[in-house]
Amino acid sequence: EATKAIKAFEAEKARLEEGSKLPGVKGLKFKNLLAQLHASPLWEALNKALITAEAAVRIATKKFGGMSGGGSGGAGGESTGPTEGAVWWMNRDLQEKKARYGPRAK
């Protein structure tokens with residue numbers, strides 16, 4: 001869900017940046033809309049999705065954080081949850097998204 005919100009935000013941002021290159025009043029209109037983008041409902045949806053994703057990763061880290069990938073499965077050697085590497089990558093991906101799209105300094 002966070003990835004969908006980021007894609008929608010980036011698409012709108014790209015559209016507004018292209019429009020801001022136009023000369024005259026049209027270009028100024030797009031520049032104004034681009035400046036207002038961080039106060040839009042799209043930005044709020046992005047923040048909500050990031051917070052939800054952060055909570056999900058925190059839960060997964062607590063649940064599977066100390067679990068090793070091998071030997072703990074059943075007779076078939078299947079793992080019942082994500083490995084430590086998968087949890088690490090989820091945390092890393094979330095940190096990158098928060099750094100790029102997280103709260104802005106006022």
Exercise. Taking all non-hydrogen atoms of both residues, which atom of Leu50 and which atom of Leu94 are closest, and how far apart?
Worked result: O-CD1, 4.1 Å
Exercise. Hey, quick one: are Leu22 and Leu16 part of the same hydrophobic cluster, counting side-chain heavy atoms closer than 4.5 Å, chains of contacts allowed?
Worked result: yes
For this session: Kindly compute the distance separating CG (Leu37) from CH2 (Trp43), expressed to the nearest 0.5 Å.
Result: 8.0 Å
For this session: Enter the distance from Leu28:CG to Ser20:OG here, rounded to the nearest 0.5 Å.
Result: 9.5 Å
For this session: Quick one: name the residues clustered hydrophobically with Trp89, using the 4.5 Å side-chain heavy-atom rule over I, L, V, M, F, W, Y, and just say none if it's on its own.
Result: Trp88
For this session: Start with the C-alpha gap between Glu96 and Arg100, add the side-chain angles, then the distance that decides, and say whether salt bridge (Lys or Arg N to Asp or Glu O under 4.0 Å) holds.
Result: CA-CA 6 Å; Glu96 288 176 3; Arg100 186 164 182 184; over 6 Å; no
Exercise. Do any pairs count as a salt bridge (charged side-chain N to carboxylate O under 4.0 Å, His left out) and have a residue in residues 18-32, sequence neighbours left out, and if so which ones?
Worked result: Glu18-Lys21
Exercise. Is it true that Lys48 and Glu44 make a salt bridge, defined as a side-chain N closer than 4.0 Å to a carboxylate O?
Worked result: no
Problem set entry | Distance-only side-chain donor-acceptor flag, Gln95 / Asn91, under 3.5 Å | no
Name the atoms and distances for all side-chain donor-acceptor pairs under 3.5 Å in residues 2-12, with sequence neighbours left out.
| from | atom 1 | to | atom 2 | distance (Å) |
| --- | --- | --- | --- | --- |
| Thr3 | OG1 | Lys97 | NZ | 3.0 |
| Glu10 | OE2 | Tyr101 | OH | 2.7 |
| Glu12 | OE1 | Arg15 | NE | 3.3 |
| Glu12 | OE2 | Arg15 | NH2 | 2.8 |

Exercise. What's the spacing between Lys98 NZ and Asn47 CG if we round to 0.5 Å?
Worked result: 11.0 Å
